[in-house]
Structure formats: C-alpha cells, structure tokens
Enquirer: 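I am attaching a structure below and will ask some questions about it afterwards.
Naming convention: chains lettered A, B, ... in sequence-line order (proteins, then strands); numbering from 1 in each chain.
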Amino acid sequence: MLWSRLFIPTLRENPTEAEVVSHQLLLRAGYIRQLGAGIYNYLYLAQRSLLKIQEIVRQEMDQIGGQEFYLPALNPAEVWQESGRYDVMGDNMFRLKDRFGRPLCLGMTHEEVMTAIARGELRSYKQLPQIWYQIQTKFRDEPRPKSGLLRVRQFIMKDSYSFDLAPEGLDVSYEKHRVAYCRIFDRCGLEYVAVEAHSGAMGGSQSQEFMVATSAGEDYVVTCRQTGYSANLEKAVSRPVPPAAPDPEGDLAPEEIHTPGQKTIEEVSAFLGVPSTSLMKSLVLVAGETTYVAVLRGDHQLSETKFQSATGCPEFRPAHPEEMRQLLGADAGSLGPVGVKGVKILIDSALEGRRNMISGANKDDYHLRNVTPGEDFQAEFHDLRQVAEGDTEIETGAPLEILKTVEIGHIFKLGYKYSHSMGLNVLDHNGVETPVIMGSYGIGIERVLCAAVELYSDGNGMSLPVSIAPFEVVLTPVKSADATLREAADKLYAELKQAGVDVLYDDRDLSPGVKFKDADLIGVPFRVNIGKKLASGMVELVNRRTKESTDVPVAGAAAAIQSAIAAARPD
RNA sequence: CGGGGCGUGGCUCAGCCUGGUUAGAGCGCCUGGUUCGGGACCAGGAGGCCGGUGGUUCAAAUCCACUCGCCCCGACCA
C-alpha cells in the first residue's frame, strides 16, 4: 500500500478525552475515531488489525471443530423472555420496538439464539457434540463506557457454544476451548494469565478468564509466580499475613473498655495501642429477608462475592444506622458479635483459633477485650475475606501478587441452564429424552488489540506483535526527492508485495523525521530505511520494539525482511 | 444514578471572573519556493453563527436559566 494514498489521520497531540494509553495511541495513530460515548469508528488501520485477530481466532476455532455461524444482533424479546434474561439483564440491554410495537432487543451474547437453533434441530445424541461459533457485534448499554475501546457499548465478540450429551463431554469441549484460547492469545503475541473465575449469576460450575495485566484494567487477579496459582480476586484464597501481636493467653472473660469517640479500626487500634490484627471488625449486612453480622479481622476486607456465596443470596446491602441500633443497640463504631441474638453471625476463617481479641461492645463508646470466637459467641466460619497485598499462597506460603488486568476471554461451563429453561433435549442411547449440557466461550476482539497496545508501547507510539499489526513492514526512503532512493524503494516494494508481505510504502513527500515518527506511532514492527547507505548497496532494517538496526544488502533485502518477520512471529 | 470537570477553526488551548473594536495563538491544512537521517524553513492563504435554546442588556464567547454532548471518580458491570 502506498502511504500517500491511505487515510491514516495521525495526530501530533493527545486528544484530551483519552486517558488510558491504548485509547490515546489508537486515536493518535489514526486507528479509531469516536462517534459517541462508547461507540467508535474503526478506520483502516484498526480494521486491518482486527481482521488479522479475527482470522487467528477463526483458524483456531476451526481447528477444534468449531463451525462458524452468523446470527442476528437484532433479537425478538421472546427468546430472552424464555430464558428469563430479558428481565435479568435490566438496563444493560438495548431495547427497541418495531413499527407494530413488538419488543425487540440487541443481543449482548447469544446463548438464547443458539439454544433456540439447537432445540429445533438437535434430536439425537448421535448429533453431539457440536461447537458453534460466530464473530459478531454485541451491544451492551454500559452504565459508564470508558477507557477507549476497553469498555464500550458496541463491540465485536467471538462467541462459541458447545453442546454435549453429558458432563464428561462438556469437559472435553471446555478443554478444547482452553487450549484453543491459549493458542489464539499466544499467536496474538500477548502475555496473559488464565485464572479461576467466579461463575457469577450465570450459574454453572467452572469458568476461567484470560486476563492481561495492565494498569488500564478494571479486574483484579491474584497470581503466584512460584506455584502458578491464579484466580480472580473475587474468588482467590490466600494465607493472611500473621497477626502483628500474639493473642493474650488464657481463658479470659470479656471485659468492657471505655473508648470514647473511637469508631474506626484505626482509631481503636491507636487508642488502645493494639495492632489492628488483634481487633475484630463487625459488619451488619442485610441479604434479602435475613440480617447477618459478618466478623473479620480488623485489617481485612469483606469479599462481597464470598459473602454472597456464604449466604446463597445474590443481593445484599449494609444495614441502615437505625437497623443497627435496633438490632445491636449501638452505632456502627461500637458493634460486635458478643451477646447478639436473632441475627446470624458469619465469621471469617482467618479468625479460627484466635483468642482474647477486641471487638465492639454493642454499646456506644465501649469495646470489649478478651473476646474469643466459639466461646464468647457462636458463629459459622466461612471464607469471607478478600485477598490482600502481602498475603501468601495458601498451600505453600509463596508470595502472591495482585494484578490489575483486563479480561480478553472467558470460558464457561454453562451446564443445563438454557437447556432447561428453553427445552433443549435429545434422545440418548436408550431413547430417553435428556437435556443437553452446554458451554459458552467468549473473546473480546477489540480488547485483544487494546491489550496489545497497552502491553507494547513506548513514548513514540505502539509496537504491535507482527501477527496482528496492520502492516508487517514499512519502507521509508529517507530523502523523498532522491530518485535513486526512490527507485530502490520501488523495486523493494514490488519484491515484497510479490512475496506476499504486508508492506506499507511511505512514499509521501515529507521530511524523514515525520516519516519516522509516524511509522513508530502506528506500530509497524519493522521499518526499512533506504538512505545514504544505499551508495554502498545497503539498507537498514529497524526493529520497532527493540530499536535494533541492521544493515542488509539491497539485493537480498526482501529475503532478509521476510525472515525477520518470520522470526518475530509469535506462532 | 450521585460527585467533579470540559464544550471556542481539524488537534491542543488562551480569551469568560470584571459584557463593548474585526475572537486569538501553536500545530495541522492549501499555494509557491528552499529543504531532506527523528515531528524543517521562508512568503502568502483558507478555515470559527464560541454545543443548543431561552433570558438579562443599548450591547453576550463572556452574566442568568434550561438543555444536549463528552471525559473522570463512585455506584453498576452476562
């Protein structure tokens, strides 16, 4: 392609609305332009790159026997009503009406539509297993679109669905996807971790997320370099840092201490001269009809997800001040588990075996010392705490890291949710109707691009992996007006095109600095400078990422470029 | 939905508080010329009903009200 003929609107300055690196660079490099909040135009460079990502996805999905479909984004409401998700999705789903007033919606994902196809057509176990996928536009009315292409209202997703007769079959389909996803992300040149994920409101037994560590992310992941342990923060478990001081010995009875005006853990800890690890924190939470007191070590945070799992109730809220006073007889700063009646107490397992700690006294401005779980109050132990910085791996005690990440893919054992709600059954070997077991598996196509930009950029711009860069190499005659350089560049361009290389020829009549800056900005992995060294028969091959430059003879340049590209290819 | 910020040529911003010539700058763009190894230089030029509506005023980019849009923090997020 001749750069002079292309629409690559690069910007010298960062547009103000862009905050995260990938957003800034995709705008500056002329990949994308914004149309509205969370709605973007993908220009030529973005489209080239996204198509390459999609092609890798397609190849790997086909490799595991996936069959590509293309389903409507515009869905009748009925399908979603059948599964119950028409209500569950709430405001996150775009809804509209046709001219006759019939309700329609824009698909956020396609479990319903796929299941609707399957239940009409799959009749026998002999037709299973199936893996169906599509690469298609999804719509989500995000409450807050942000971070450029990372959180948008319209995006491209590869979504696949597996249909199996039995759980063992689902295990196989799931594993096939896991392997395919690793190949896809490897081929896209990403560094990622696959983590155990919380299955969420979707139900289902097992799920893993593929995450890329970046400060632009919104999800937290806990990993251990030594053991390879990794899990979403929502689900992660760990060994907490040990208490900063030993518990007082002996079988002591609770005793009130006057703590005027000391409400927060920090205040009480400072006032009493006792580390926060010796305090118990009591939270009053209302889940559905039931009120709970959750007890945690002073320095620990409640994991909302774990609390939800412990109570089996998906929704909960902190109790209102009046409720706390009514139930426990004190305000938030002085609550504790001792003497509590009619409220279920859940206590975090980190407090198992602890003795003679400090808690609120359920009396304003008073705390209790010498409180021992199991003796001074009865409670159910549960894992309730969120993993914190400094915690260690639960089995080995190896150090853990908490990473900020962006989710690029998710594989999920759905189970029978849709088969049951939508009636997807087949006849088994014995002629008995059996529900089909499903899996669902997604990849955010734009997020793969964003993650690559976040991962690989420097002060001059992006530096994409060769497999997903819009071009593999850019040819830069250094002095535009020089006919000799131009002839050599023309020739090399023809050779590379002939060889099937994705080559961008910067034939613009611009000063070299501008061409270099632009090439660096748009992230093409290799650049060939055709300049003064041509006099001695050489051109320079520059690696965008490493900035290494090697002189190669013009005569063999095309071959040298091809082997450099091949060597850089992640797959 | 709560809190904060911003809307002025394509981009980045000044001007607004304290109303008053023809609304500015840098970058980009167009023409001609000189240049050519990391965002060149000279000369000339085009381009803006100041987000919208209504109000106050002799007079509004500037003050007031409403409204729309965008960004950030939080809530939310299969």
Side-chain angles (χ1 to χ4, degrees), chain A residues 7 9-20 23-24 27-28 30 33-40 80 83-93 105 107-112 138-148 150-153 155 157 159 161 197-204 207 209 216-219 234 304-305 314-315 317-318 406-407 410-412 414 417-418 440-442 444 459-461 476-483 485-486 506 508-521 527-535 539-540 542 544 547 549:
Chain A
F7 180 61
T10 58
L11 262 24
R12 191 187 290 230
E13 289 172 277
N14 267 329
T16 29
E17 74 257 23
E19 201 111 319
V20 303
H23 190 198
Q24 293 177 337
L27 282 169
R28 273 194 61 202
R33 286 295 183 262
Q34 182 170 33
L35 185 61
I39 310 174
Y40 286 86
W80 289 76
S83 72
R85 290 210 296 176
Y86 195 67
D87 295 326
V88 173
M89 291 307 187
D91 288 336
N92 283 314
M93 185 152 66
C105 59
M108 307 173 68
T109 165
H110 279 72
E111 280 82 359
E112 281 81 0
K138 307 291 182 200
F139 297 88
R140 293 180 192 183
D141 194 356
E142 288 288 341
R144 186 150 94 80
K146 60 175 189 174
S147 307
L150 280 175
R151 188 161 213 78
V152 288
R153 297 196 289 177
F155 60 97
M157 184 176 183
D159 51 320
Y161 304 88
H198 179 69
S199 304
M202 295 284 300
S207 101
E209 292 165 333
E218 319 185 76
D219 288 324
E234 290 182 339
E304 297 187 8
T305 323
E315 300 255 322
R317 60 169 175 87
V406 59
E407 178 185 352
H410 196 166
I411 58 178
F412 201 94
L414 275 179
K417 180 176 157 72
Y418 296 90
S440 102
Y441 317 88
N460 289 321
T476 310
V478 173
K479 201 168 170 176
S480 326
D482 188 317
L485 299 186
R486 175 146 285 216
D506 195 351
R508 296 174 301 170
D509 183 16
L510 291 171
S511 64
V514 176
K515 294 202 248 189
F516 293 152
K517 290 287 186 193
D518 267 350
D520 284 354
L521 182 59
R527 185 178 74 224
V528 177
N529 291 341
I530 301 150
K532 55 194 171 204
K533 289 177 191 164
L534 187 67
V539 295
E540 291 160 0
V542 184
R544 167 68 183 85
K547 300 184 172 71
S549 169

Enquirer: For B:C13, give its Watson-Crick or G-U wobble partner with both distances under 3.5 Å, or none.
Expert: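 B:C13 is paired, partner B:G24.
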Enquirer: Who does B:G7 pair with, Watson-Crick or G-U, both distances under 3.5 Å?
Expert: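 Paired with B:G7, as far as the under-3.5 Å criterion goes, is B:C68.
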Enquirer: What integer distance in Å separates A:Q34:CD from B:C6:C1'?
Expert: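 The answer, rounded to whole Å, is 14 Å.
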Enquirer: B:C13 phosphate, OP1 or OP2: any side-chain N/O from A:T16 under 4.0 angstrom?
Expert: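 Yes, A:T16 has a side-chain N/O under 4.0 Å of OP1/OP2 on B:C13.
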Enquirer: Can you name the atoms? Protein N/O to nucleotides 72-75 of chain B N/O, anything below 3.5 Å, with the distance.
Expert:
from	atom 1	to	atom 2	distance (Å)
B:C72	OP1	A:S147	N	3.4
B:C73	OP2	A:R144	NH1	3.1
B:C73	OP2	A:R144	NH2	2.7

Enquirer: Using atom C1' of each nucleotide, how far apart are B:U18 and B:A25 to the nearest Å?
Expert: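 Result for the C1' pair: 23 Å, nearest Å.
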Enquirer: What string of B, S and - do you get for nucleotides 28-40 of chain B, 5' to 3', when a contact is any protein heavy atom under 4.0 Å?
Expert: S-------BBBBS
Enquirer: Answer with base, sugar-phosphate or nothing: what part of the nucleic acid does A:G442 contact at a heavy-atom distance below 4.0 Å?
Expert: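 No contact at all - A:G442 keeps every heavy atom at 4.0 Å or more from the nucleic acid.
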Enquirer: Mind checking the P distance from B:C68 to B:G52? Whole angstroms is fine.
Expert: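 Comparing P positions in B:C68 and B:G52 gives a spacing of 15 Å.
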Enquirer: When you compare B:C41 with B:C49, how far apart are their C1' atoms, in angstrom units rounded to a whole number?
Expert: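 B:C41 and B:C49 have their C1' atoms separated by 36 Å.
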Enquirer: Rounding to the closest angstrom, what is the interatomic distance between B:G45 and B:G4 at atom C1'?
Expert: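 Rounded to whole Å, the distance is 43 Å.
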Enquirer: Under the 3.5 Å rule, do the base of B:G26 and the side chain of A:E13 count as making a donor-acceptor pair?
Expert: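 Donor-acceptor pair under 3.5 Å: yes.
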Enquirer: My understanding is that a pair needs two contacts under 3.5 Å, Watson-Crick or G-U wobble. By that rule, which nucleotide pairs with B:C63?
Expert: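 By the stated definition (distances under 3.5 Å), B:G55 pairs with B:C63.
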Enquirer: Give me the distance, rounded to whole Å, that separates B:G24 from B:C71 when you measure between the C1' atoms they each carry.
Expert: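 It comes out at 26 Å once rounded to the nearest Å.
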Enquirer: Is there a donor-acceptor contact under 3.5 Å linking the side chains of A:K146 and A:H23?
Expert: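 Their side chains do not contain a donor-acceptor pair, so the 3.5 Å distance test is not met.
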Enquirer: Taking any strand in view, what nucleotide pairs with B:G74 in a Watson-Crick or G-U wobble way, both distances under 3.5 Å?
Expert: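 Result: B:C1.
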Enquirer: How far does the C1' atom of B:C63 sit from the matching atom of B:C16, given to the nearest Å?
Expert: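 Going atom to atom, C1' in each nucleotide, I get 10 Å.
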Enquirer: When the P atoms of B:U8 and B:U21 are compared, how many Å lie between them, rounded to an integer?
Expert: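 It comes out at 23 Å once rounded to the nearest Å.
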Enquirer: Which nucleotide, in any strand shown, forms a Watson-Crick or G-U wobble pair with B:A43, with both distances under 3.5 Å?
Expert: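 Paired with B:U31.
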